[in-house]
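Naming: A, B, ... by sequence-line order, numbering from 1 per chain.
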2 protein chains.
Amino acid sequence: MRPANIRVPALPPQPGTDHSDCRAVASVLARVGDKWSVFVIMMLIDGPRRFNELKRTIAGISQRMLTLTLRGLERDGLVTRTVFPTIPPRVDYELTDLGRGLAEPVRALGQWAFEHLPEIEGARRDFDVRNAD
Amino acid sequence: MRPANIRVPALPPQPGTDHSDCRAVASVLARVGDKWSVFVIMMLIDGPRRFNELKRTIAGISQRMLTLTLRGLERDGLVTRTVFPTIPPRVDYELTDLGRGLAEPVRALGQWAFEHLPEIEGARRDFDVRNAD
DNA sequence: CTGTATCCGACGTGATACTG
DNA sequence: CAGTATCACGTCGGATACAG
């Protein structure tokens with residue numbers, strides 16, 4: 001991502017001026033911004049869940065998307081996948097320490113979103129009205 | 001004509017009623033997770049910027065995407081758009097109080113991402129290796 | 001300078017059917 | 001139960017050209 005031929009000076013943690021970490025931010029936010037990732041993370045906060053348990057709880061997600069979402073989270077080391085070789089098979093998904101760490105700022109963001117939702121929705125209506133003339 | 005990009009509503013069946021606020025979370029995270037929104041927000045933290053100034057600084061974003069991103073942020077009340085009727089025209093974009101409020105948890109998330117990037121990248125490599133057997 | 005309009009390929013998403 | 005495979009469709013995003 002970052003040009004290898006350019007040495008990034010050790011700037012103090014001042015987001016907005018440093019561009020290199022923005023790529024990293026984008027990488028994680030891309031996952032967080034996934035349509036379903038946050039739902040899954042939220043569902044797993046309380047403890048491990050089975051596949052269909054997640055599918056039922058989230059209600060609206062397709063089997064395919066749940067699988068892909070879980071694979072993505074697993075790939076990033078945010079979720080563990082535990083297979084019990086029983087019949088019928090049972091698979092538990094659980095947040096890793098890393099995943100729980102991520103859940104914290106995500107929840108903060110979610111809380112902000114919830115608290116300011118009226119303002120945002122109001123702004124959207126105003127914008128749409130202004131745009132509709 | 002309104003760009004199709006800024007449409008957020010019409011989420012299918014409601015996910016868990018117990019977690020109804022998750023839909024609000026998703027609504028905001030959809031914006032935060034946009035490929036470019038976070039970059040723009042970061043660039044605006046330090047103060048108002050002009051259109052081409054943003055385009056130059058972000059370097060990689062197309063004109064179209066910058067416009068769409070700014071429209072989306074403006075629609076959500078996160079950014080103000082100020083037109084100076086001069087020749088040539090000048091347009092300033094600036095974070096609103098709401099936008100600055102959002103920038104805070106976003107920055108926390110970004111900081112987390114930056115700090116844990118090695119773990120995530122390592123997990124990705126491990127996963128890819130395991131998957132390549 | 002600051003956009004808008006249009007074309008078009010790439011990708012995300014869902015529905016469905018099938019496997020272990 | 002927990003997936004995988006395949007197809008069909010819509011949207012996203014970039015490039016380009018053009019307008020105010």
Nearest-nucleotide pick for [X], side chain only, options being [options]:
X: B:R81; options: D:dA2, D:dG13, C:dT2; result: C:dT2
X: A:P89; options: C:dG20, C:dT2, C:dG3; result: C:dG20
X: A:P88; options: C:dG3, D:dC1, D:dG3; result: D:dC1

Any [X] side-chain N or O less than 4.0 Å from OP1/OP2 of [N]:
X: A:R71; N: D:dT4; result: yes
X: B:K35; N: D:dG14; result: yes
X: A:W36; N: C:dG14; result: yes
X: A:R50; N: D:dC1; result: no

ask   = Just how large is the angle between the end axes of the helix from C:dC1-D:dG20 to C:dG20-D:dC1, five pairs per end, to 10 degrees?
value =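 The angle, to the nearest 10 degrees, is 40°.
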task = Sequence neighbours left out, what pairs pass salt bridge (charged side-chain N to carboxylate O under 4.0 Å, His left out) with at least one residue falling in residues 81-91 of chain A?
result =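 Residue pairs passing salt bridge (charged side-chain N to carboxylate O under 4.0 Å, His left out), neighbours aside: A:R90-A:D92.
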I need the [atom1]-[atom2] distance between [X] and [N], as an integer number of Å.
X: A:Q63; N: C:dA17; atom1: CD; atom2: C1'; answer: 11 Å
X: B:R49; N: C:dG3; atom1: CZ; atom2: P; answer: 17 Å
X: A:L66; N: D:dC1; atom1: CG; atom2: P; answer: 14 Å
X: A:M65; N: D:dG3; atom1: CE; atom2: P; answer: 15 Å
X: B:R90; N: C:dC1; atom1: CZ; atom2: P; answer: 12 Å
X: B:D92; N: C:dT2; atom1: CG; atom2: C1'; answer: 12 Å
X: A:L68; N: D:dT4; atom1: CG; atom2: P; answer: 9 Å
X: B:D34; N: C:dG12; atom1: CG; atom2: P; answer: 14 Å

message = Taking B:L95's backbone N and O only, do any of them form a donor-acceptor pair with B:R100's side chain (distance below 3.5 Å, no angle check)?
response =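 Such a contact is found between B:R100 side chain and B:L95 backbone.
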message = Please check this pair: side chain of B:T96 against backbone of B:T80, looking for a donor-acceptor N/O pair closer than 3.5 Å.
response =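 Checked: no pair found.
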query = Of all residues at least two apart in sequence or in a different chain, which pass the salt bridge (Lys or Arg N to Asp or Glu O under 4.0 Å) check with A:E53?
reply =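 With sequence neighbours excluded, A:E53 shows a salt bridge (Lys or Arg N to Asp or Glu O under 4.0 Å) to A:R49, given in chain and number order.
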ask   = Nearest heavy-atom pair of B:E119 and A:L98: which atoms, and what distance?
value = OE1-CD1, 3.3 Å
query = When rounded to the nearest 0.5 angstrom, what is the spacing between CZ in A:R75 and CG in B:D128?
reply =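 It comes to 4.0 Å.
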task = Enter the distance from A:R107:CZ to B:L109:CG here, rounded to the nearest 0.5 Å.
result =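 One gets 14.0 Å once the value is rounded to the nearest 0.5 Å.
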note = Contacts of B:R64 and B:F51 projected onto DNA chain C by closest heavy atom; the upstream (5') one is B:F51
task = Give A:F84 one of three labels, base, sugar-phosphate or nothing, depending on what nucleic acid heavy atoms sit under 4.0 Å from its own.
result =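 No contact.
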